[in-house]
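For reference, the structure discussed in these notes is given below.
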Amino acid sequence: MNGKEKPIGVFDSGIGGLSVLKQAVKVLPNEDFIYFGDSKNAPYGTKNLDELKKLVSNVVEFLISKKVKAILVACNTATSATVDDLRKNYDIPIIGIEPALKPAVELHREGKILVMATPVTLSEKKFNILMEKYKKDADIVPFPCGGLAELIEKGDLKSKEITKYLTEKLKDYKSSKIASIVLGCTHYPFIKSQIHEIVNKDIPIIDGSLGTSKQLKRQLINLNLLSEKQEKGYVHIYNSLQDPKVNDLSYKLMTNV
Ligand code: DGL
């Protein structure tokens, strides 16, 4: 098979990365995508680095066995902990995702920018370098949300548990001035409307999926790897749980939410 017509591999610790895949399909409609959700080993966001590296390496090997031409790491946690190693070990383009601080700072809104993400993402060097870059221009608050991705993994995106979690977590910020909220975990875009039920509706909630998808497209163009197909590409979804319910939910999340 010609390199251009190979699929693109996408992965996350579970269903969260589907929020990025949805955007990638819009930006690159003629590409084929193979998605791997590692729900069996979710969450990644509270694991230690060695464990995380092992899990990610297994997933990447699976995608490589599917002959992908590029890999999109649709997980902020896996990006912060493993993307540098992956780039050293594989000679295909590897695109990561990180909390979208730049667009949040560029809104120039008054108040705090809350960066919701997993504990691993917020404690890793990558995020701290990013924060250093913008901290003189904005009041940035790292906002670790351990446990939230697990609630989203359960699949009931409107659950009372999620509302309770968010209400409790955001209670100190409700009345204070929030400039914007950055969703630095790919699971969180699926509960954007629940967040907006708690904080004021005009507070912008920003995620990095569009920027990352555009970056993927730029890389494919630069490396002459863009598909030349005219028809729509396919999306194949795999999940380490091998549970038909998770597969159904995954395809549903690609269409409905
Ligand atoms: N979706 C992942 C992220 O973007 C992490 C969720 C988890 O903790 O597994 O960080």
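This structure is a prediction, so every number in the text was calculated from the model and none was measured. Numbering of ligands and ligand atoms starts at 1, following listing order.
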Run the contact test for Cys75 against ligand 1 with a 4.0 Å cut-off on heavy atoms, strictly below, and give the result. yes
Contact atoms of ligand 1, heavy-atom distance to Ser13 under 4.0 Å: 5 (C), 6 (C), 7 (C), 9 (O)
Any side-chain donor near an acceptor of the partner, Glu98 and Ser80, under 3.5 Å: no
Between Gly45 and ligand 1, does any nitrogen or oxygen pair lie at a separation below 3.5 Å? yes
For residues Phe143 and Tyr173, establish whether the separation of their ring centroids is below 6.0 Å. yes
With the threshold set at under 4.0 angstrom, would you say Gly16 reaches ligand 1 through any of its heavy atoms? no
Could Lys229 and Glu31 be called an ion pair, given the rule that one side-chain N must be under 4.0 Å from one carboxylate O? no
Are any of the N/O atoms on Thr118, whether in the backbone or the side chain, positioned under 3.5 angstrom from an N/O atom of ligand 1? no
Under 3.5 Å, is there a donor-acceptor pair between the side chain of His196 and the main chain of Ile203? yes
Under 3.5 Å between some N or O of ligand 1 and some N or O of Thr46? no
For ligand 1, which atoms, with element, lie under 4.0 Å from some heavy atom of Thr77? 3 (C), 5 (C), 10 (O)
Going by the 4.0 angstrom heavy-atom rule, the piece of Cys185 near ligand 1 is both
Kindly determine whether Tyr234 and Phe33 satisfy ring-ring contact (aromatic ring centres under 6.0 Å, His included), including the steps that lead there. CA-CA 6 Å; Tyr234 65 70; Phe33 289 92; 8.9 Å; no
Lys154 with Glu150: basic N within carboxylate O range, under 4.0 Å: no
Any atoms of ligand 1 less than 4.0 Å from a non-hydrogen atom of Tyr44? List them with their elements. 7 (C), 8 (O), 9 (O)
Those atoms of ligand 1 less than 4.0 Å from some heavy atom in Asp12: 1 (N), 2 (C)
Taking heavy atoms and a distance under 4.0 Å, where does Asn76 meet ligand 1: side chain, backbone, both or neither? both
Any donor-acceptor N/O pair, Glu5 side chain to Glu228 backbone, under 3.5 Å: yes
Applying a 4.0 Å heavy-atom criterion (strictly less than), which segment of Ala42 is in contact with ligand 1: side chain, backbone, both, or neither? neither
In terms of side-chain geometry, is the basic nitrogen of Asp84 or Lys126 positioned less than 4.0 Å from the acidic oxygen of its partner? yes
